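Below is one structure, written out as structure tokens; comments come after it.
All values reported here derive from a predicted model rather than from experimental measurement. Ligands are counted one by one from 1 in listed order, and the atoms in each one are counted from 1 as well. Just so you know, these numbers use all the heavy atoms, side chains as well, and skip hydrogens, waters and symmetry mates. Each residue takes its place number in the sequence, starting with 1.
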Amino acid sequence: MTVGVLALQGDFREHANVLRSLGAETILVRRPEELARVSGLVIPGGESSVMDKLSRGYGLAEPLKDAVRAGMPVFGTCAGLIMLADTIIDGIAGQQSIGGLDISVRRNAFGSQVDSFETDLDVPAVADTPVHAVFIRAPIVERVGEAATALASVADGRCVAVEQGNLLGTSFHPEITGEYRFHEYFLGKVEAADYRP
Ligand SMILES: NC(=O)CC[C@H](N)C(=O)O
């Protein structure tokens, strides 16, 4: 079983390191041929509008949509969560997503004064003890549709982690804090999934 990390832009190396430290065979994905080899995919943090343009430029956007429709497990963090959202609020003109998660996500939702912050979150579905979460120009999940489930929220109740079937997304960056339980949880989805490339 091989897992991919979308490596067009952003902090894909950090994700690949966490996945490899958990024993998962991991490749970087930049082309449709690489996507066609993986049983699951992580979409990293970075800049969603750039990732969107590059994925279309590299001919990956349609294969990614097809793979999500076919049930491929995908875990998106921050910009990756934006890529998985059915609806983007405050995207740049013409910005598109792969979609799959029945949610609306607002980019850069925490405002310019508090671009980055850290906090501990309860995520009972994923971890027994609180998760230390780093938010960097992070999006917020403003609408959680019927098909999606909220997994975690910040103190004021706004949703920052969701799942829907084989899709998982966080506003924050578990890959940069030594946190591995989200990746472990995701690898569990990959193992359990019917999807094979
Ligand atoms: N850390 C991140 O991934 C930031 C996301 C970025 N603000 C975007 O809109 O894509």
Worksheet entry | is_close_aromatic(Phe182, Phe172), centroid dist under 6.0 Å | yes

Worksheet item: Under 4.0 Å between a Lys/Arg side-chain N and an Asp/Glu carboxylate O for Glu184 and Arg181?
Response: no

In a table with atom names and distances, give each donor-acceptor pair under 3.5 Å that connects a side chain of residues 154-165 to protein atoms at least two apart or in another chain.
residue, atom, partner, partner atom, Å
Asp156, OD1, Arg158, N, 3.0
Asp156, OD2, Arg158, NE, 3.0
Asp156, OD2, Arg158, NH2, 3.4
Glu163, OE1, Tyr185, OH, 2.8
Glu163, OE1, Lys189, NZ, 2.7
Glu163, OE2, Tyr185, OH, 3.1
Gln164, OE1, Asp102, N, 2.7
Gln164, NE2, Gly100, O, 3.4

Distance-only donor-acceptor hits, side chain of residues 45-54, under 3.5 Å, sequence neighbours excluded:
residue, atom, partner, partner atom, Å
Glu47, OE2, Ser49, N, 3.2
Glu47, OE2, Ser49, OG, 2.8
Glu47, OE2, Arg107, NH2, 2.8
Ser48, OG, Gln95, NE2, 2.9
Ser48, OG, Arg107, NE, 3.4
Asp52, OD1, Arg56, NE, 3.0
Asp52, OD2, Arg56, NH2, 2.7
Asp52, OD2, Gln96, N, 3.0

Worksheet entry | Asp11: partners by side-chain contact (heavy atoms from CB on, under 4.5 Å), with sequence neighbours left out | Glu14, His15, Pro44, His173, Glu175, Ile176

Write none if no such pair exists; otherwise list each N/O atom of ligand 1 with its protein N/O partner under 3.5 Å and the distance.
residue, atom, partner, partner atom, Å
ligand 1, 1 (N), Ile136, O, 3.0
ligand 1, 1 (N), His173, NE2, 2.9
ligand 1, 3 (O), Gly46, N, 2.8
ligand 1, 3 (O), Gly46, O, 3.1
ligand 1, 3 (O), Ala79, N, 3.1
ligand 1, 7 (N), Asn108, OD1, 2.6
ligand 1, 7 (N), Arg137, O, 3.0
ligand 1, 9 (O), Ser48, OG, 3.3
ligand 1, 9 (O), Arg107, NE, 2.7
ligand 1, 9 (O), Arg107, NH2, 3.2
ligand 1, 10 (O), Ser48, N, 2.5
ligand 1, 10 (O), Ser48, OG, 2.8

Worksheet entry | Leu81 and Val141, any side-chain heavy atoms less than 4.5 Å apart | yes

